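Lettering follows sequence order; numbering is per chain, from 1. Model, not experiment: these values are computed from the prediction.
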Amino acid sequence: MKKNLKMLLAMLLALVMIVSVFAGCKKTEKAKPDDKVMVIAVEANFEEKWNPFMAESAYDMQVMEQIFVAPMKGVEGNALENWGGSITAGEVQADGSMTYTVTANKGMKFTDGEPITIDDYIYALYVTADPSYTGPAQLVAEDIKGVKEYYYDDSNYTANNAAAEAEAEKYTLANISEEDYVAYLVATNLEGWWDGDPAGLVAEDYTWSNYIEDEGFGDKLAEIDATNPDEMLALLALIEYTNYGDSYDPYSYYSEKVYKDIKDADPSSTPVDEIAGIVRVDDYTCTVTYNSVNIYGDRSINQYFMPEHYYGEIVKGSVGDILANVEPLGSGPYIWGGYDAGIVTVTANQDYFEGVPKTGTIRWLYVPPTDALTALMNGDVDIAVIGGEPEYVEEMDAAQDIIRYDLTDNAGYGYVGLNCENLKLGVRKGLFSLMNREPSVTAYYETLATVIERPSTTVIAEYPQDAGTYYEYSPEKALEYFESAGYKQVDGKLVDASGNQLVVNAYVGGSGIGDHPSFTMLMQAAEDMKNLGGEMQVQDVDFNVLQAAMNDGTADMFCLAWGDVNTCDKQSQFHSEGGQNRYRISDPTMDTLLEQILQTVDLEERSALYAEMLDLAMELAIEIPVYQRCNIIAYNRSAINLDTVMQATTFYDYADELWTVQMN
Amino acid sequence: MRQFIIRRLLISIIVLLGVSMMLYALVRSMPSDYVTLATATNPKVTPEMKEELRKIYGLDKSIPEGYVNWLGSAVKGEFGVSLKFNRPVTQIISEYAPITFTVAFIALVLELLIAIPLGILAARKQYTKTDYIITTLVFIGISMPTFFFAALLKKWFGPAGLNWFPAYGLLQARVIYNGFSFAKLLDYAQHLVLPISMWVVTGVGSMLRYTRTNMLEVLNADYIRTARAKGVSEHNVVYSHGFRNTLITLVTLLGSSLPGLFSGAAITEGLFALEGLGNIALTASHQADVPYLMGFNMLLAVLTIIGYLISDILYAAVDPRVRLS
């Protein structure tokens with residue numbers, strides 16, 4: 001009996017074990033997102049460019065980032081780590097070229113079920129390299145092998161462009177002949193100014209004939225038929241050449257024309273259908289070759305996997321339909337749900353390759369900055385970026401049981417740019433010495449911004465944190481600098497050798513009421529200038545007026561800020577050929593340093609070069625460094641499970657891991 | 001009548017042509033063009049790339065050449081793609097016109113409902129306490145800066161105060177509506193109370209003063225005195241004899257309100273985060289978005305012309321002395 005019982009027990013145990021084993025084999029229940037709705041406030045209206053090729057505003061991008069996946073993603077400390085694939089830099093070759101290997105993870109799918117391959121990545125590169133592409137991610141700006149040949153559809157682009165540049169030298173302002181200059185003005189209708197009507201008006205009650213007479217060409221006007229458009233245009237072109245020769249840009253016109261002529265005359269130039277530097281290796285791998293080392297190449301080519309089957313095939317020179325598709329479809333943690341009544345909706349992608357998102361629905365809407373904090377406290381929104389107003393911080397400090405907020409340094413900085421063509425070096429240094437930055441910035445931002453000592457955001461690793469003040473605020477020192485530039489005080493006025501008073505203008509976008517962190521500083525400088533015998537005209541204007549004055553060179557000083565800075569690449573700004581060289585600075589040492597920085601892989605070495613370059617920028621007095629400000633991200637404690645939200649830093653916040661953020 | 005309308009329509013074509021020329025020249029003469037503004041903060045954009053973009057957008061052409069191109073497309077009903085929003089101009093306008101129109105139309109009806117009775121009352125009680133109170137309130141409404149009044153409304157009635165009405169947007173983001181429902185309509189209505197109130201308070205004054213002034217003029221006319229002498233009741237004197245004549249001028253005012261129903265109010269829309277045509281037009285102006293500004297302003301020009309045409313026709317309808325020929 002006892003033996004039977006033991007056997008029965010043994011059999012029972014064996015049965016339990018077998019059942020347990022089968023139970024273990026049972027298909028595991030897939031995690032599901034909750035059915036809650038998370039509401040996130042954004043600071044400005046969406047531009048509604050729901051297409052990652054076209055999205056430009058930070059708010060449109062914020063939505064796209066949840067719908068699409070790229071090979072790499074940004075993580076803590078401004079670093080990149082593998083995400084939907086990888087981008088690996090190869091060795092620098094003897095010819096200076098460098099190849100990146102890009103991979104796509106196997107097994108990833110778009111939300112319509114189509115598998116992702118490397119072709120979807122290459123597709124994105126080709127769209128952004130297309131000559132008809134109008135979005136912000138212009139691949140032609142990269143030094144990728146064959147990309148310019150593809151863009152300009154010229155197999156001999158490098159040689160033809162070099163020949164054109166050499167030929168166009170004779171059309172620079174210093175070299176151009178009167179005949180060529182006048183021909184350019186006629187061909188461009190005075191850069192679009194001439195309306196073709198000799199009887200037309202230049203301004204109210206002011207005809208072209210009035211203008212010609214006022215410019216001192218009344219006698220010439222009497223010699224021509226003033227009703228003949230061609231004769232009038234020819235005379236006006238002569239006037240503009242004679243009186244305003246420095247204000248036009250014949251070089252750009254001719255360099256383009258010369259290049260086109262050379263290309264058309266080159267029998268060996270053939271159309272280009274492929275980018276030589278982009279090579280497909282297999283279904284999940286491709287390589288991208290740069291002609292020269294670019295330490296930020298991996299960031300530049302880190303584009304989303306874009307479904308060609310959904311966005312449509314590329315027809316070179318005609319990608320408009322691809323760019324016009326505003327119903328995004330990707331492979332990210334969330335699926336596009338639509339935009340209605342100012343609200344964007346996305347829903348969890350349960351097949352997201354990293355896991356199932358925790359929150360079922362995310363919605364973004366624009367909340368005016370003045371209402372954002374109230375909306376957050378009331379629970380109308382769960383997460384919001386709060387404007388950098390000191391009183392908001394006080395309110396949040398008083399409501400810490402309701403709100404948690406993170407302060408992060410903004411990836412950018414505020415500056416005052418100087419036009420180096422209008423202002424001599426001594427004058428620029430003098431102006432630097434008149435800027436009393438600390439009180440101005442503190443009055444505006446209180447503790448939410450700090451004065452910076454070099455023209456760079458302080459959040460990048462290369463920034464010299466120990467840099468001291470280069471130009472102390474000192475009107476006496478400023479006077480010395482002005483005197484070194486040839487000015488001296490005569491009868492209470494600061495004049496040059498010809499007796500001309502020192503007059504400088506400064507453009508600031510303060511909404512007409514001085515609402516700008518640099519405004520107080522400029523007003524004080526204007527007062528100091530007056531006391532020294534000079535004059536500073538502070539122009540508080542609309543942004544596009546400031547832009548126009550800066551671009552056409554009439555602005556001597558302009559207050560602006562750089563944003564979205566995550567690299568130490570200052571080439572476009574301070575290089576003599578930089579696309580955003582609004583300072584008109586041209587210094588060979590600076591050019592060399594800027595180029596060296598981008599080719600120096602070692603961080604320590606690069607930081608030293610960067611510090612040297614910034615010191616030189618201060619010595620050349622290009623950009624007055626003003627402030628580094630903070631951003632504030634705030635969360636409603638009762639709505640968001642804050643254990644699932646990391647402490648935000650400049651380059652890494654909740655949005656980077658939104659799919660893991662849970663609601664209470 | 002038909003001859004009058006045909007003649008007016010023909011003249012309108014010439015007027016529109018002139019308006020479009022002026023508009024195009026003005027928009028293209030803005031201090032900076034779209035490419036300059038859109039690429040201002042992008043450090044990687046080169047001058048060559050900007051030139052290419054100008055070619056794509058047609059901004060490389062002179063003003064006359066660009067205008068001819070625009071006109072060629074416009075007569076075919078193609079107003080191009082907005083540079084800022086990357087969508088067809090007609091699509092943007094048709095998408096946002098309903099909300100702009102709804103807000104403006106409701107506000108206009110409310111303004112009329114308030115302005116006419118109070119205008120008549122103020123005229124009837126000229127130089128009395130009632131008149132002074134109404135006139136003072138009207139001046140406060142007219143003089144109050146919109147941004148200040150919006151802040152007051154939000155503070156008193158929004159979530160920061162009594163929490164009767166939402167202070168921004170069109171719908172609650174927390175609730176997802178499937179299709180159209182009464183609850184959704186109610187949500188819309190709640191969100192529009194404050195913006196419409198602001199619109200009415202700041203806009204009712206001019207219409208009220210118009211009514212009052214015209215009523216005063218009419219009530220002092222000889223035929224009113226005659227009517228009173230005949231023993232007609234005061235109610236009939238005011239509403240049958242007086243107000244009917246005031247209506248003539250009000251009708252012309254209403255006709256000219258037509259473009260206002262679609263032009264939106266950039267500041268009001270901006271303050272209450274309503275994405276309407278006024279707010280979009282303001283953004284487009286800041287970015288020198290030529291196609292959108294042309295399309296939108298031409299719509300307003302057409303509506304202005306239609307509005308005045310309707311005014312003239314209504315004028316003839318309400319005033320038998322007027323003959324359209």
So, the part of S82(B) with a heavy atom under 4.5 Å from chain A: the answer is neither
Applying a strict 4.5 Å limit to non-hydrogen atoms, the region of I280(B) in contact with chain A is neither
One should read off an interatomic distance between N189(A) CG and E65(B) CD, to the nearest 0.5 angstrom, of 8.0 Å
Counting heavy-atom pairs under 4.5 Å with chain A, the top scorer among A273(B), P64(B), S62(B), A173(B) is A173(B)
Cut-off 4.5 Å, heavy atoms of chain A, and the answer for Y34(B) is side chain
Under 4.5 Å to a heavy atom of chain B? For V565(A) that would be neither
Okay, R174(B) and chain A: the region with an atom under 4.5 Å from a heavy atom over there is both
Quick one, R87(B) with E47(A), criterion salt bridge (Lys or Arg N to Asp or Glu O under 4.0 Å). Give me CA distance, side-chain angles, the key distance, then yes/no. CA-CA 10 Å; R87(B) 285 194 294 152; E47(A) 285 184 359; over 6 Å; no
If one checks every heavy atom of Y253(A) against chain B at 4.5 Å, the contacting part turns out to be neither
Okay, T361(A) and chain B: the region with an atom under 4.5 Å from a heavy atom over there is side chain
The interface call for N279(B) against chain A, heavy-atom contacts under 4.5 Å, is side chain
With chain A, the option among Y96(B), F272(B), Y188(B) that has the most non-hydrogen atom pairs under 4.5 Å is Y96(B)
Most heavy-atom pairs under 4.5 Å with chain B, out of D382(A), L373(A), L190(A), T188(A), belong to D382(A)
Looking only at heavy atoms, the pair that brings D340(A) and K184(B) closest together is OD2-NZ, 3.6 Å
Q. What do you reckon, is CZ of F148(B) surrounded by more than 12 foreign heavy atoms closer than 6.0 Å?
A. no
_Neighbour count above 12 (heavy atom, 6.0 Å) for N163(B) CG_ = yes
Ranked by heavy-atom pairs below 4.5 Å to chain B, first place among T374(A), N378(A), D371(A), L365(A) goes to D371(A)
So, the part of E256(A) with a heavy atom under 4.5 Å from chain B: the answer is side chain
Legend entry - Flag, side chain of N86(B) to backbone of M54(A), donor-acceptor distance under 3.5 Å: no
Q. Can E275(B) and N45(A) be counted as having a side-chain donor-acceptor contact under 3.5 angstrom?
A. yes
Under 4.5 Å to a heavy atom of chain B? For D542(A) that would be side chain
ask   = Considering residues, nucleotides and ligands other than Y339(A), do more than 12 of their heavy atoms fall under 6.0 Å from its OH?
value = yes
**Study point:** Contact check, side chains of K154(B) and P368(A), non-hydrogen atoms, under 4.5 Å
**Key:** yes
Is it the case that atom CG in N69(B) sees more than 12 heavy atoms from other parts of the structure closer than 6.0 Å? yes
Under 4.5 Å to a heavy atom of chain B? For Y151(A) that would be side chain
Checklist entry - Could you walk me through whether I176(B) and R363(A) pass the side-chain contact (heavy atoms from CB on, under 4.5 Å) check? => result CA-CA 10 Å; I176(B) 297 176; R363(A) 302 190 98 189; 3.8 Å; yes
Turns out that what part of V81(B) lies under 4.5 Å from chain A's heavy atoms comes down to neither
Got a sec: does the CD1 of I267(B) have more than 12 other heavy atoms crowding it under 6.0 Å? no
Electrostatic pair K84(B)-E48(A), nearest N-O below 4.0 angstrom = no
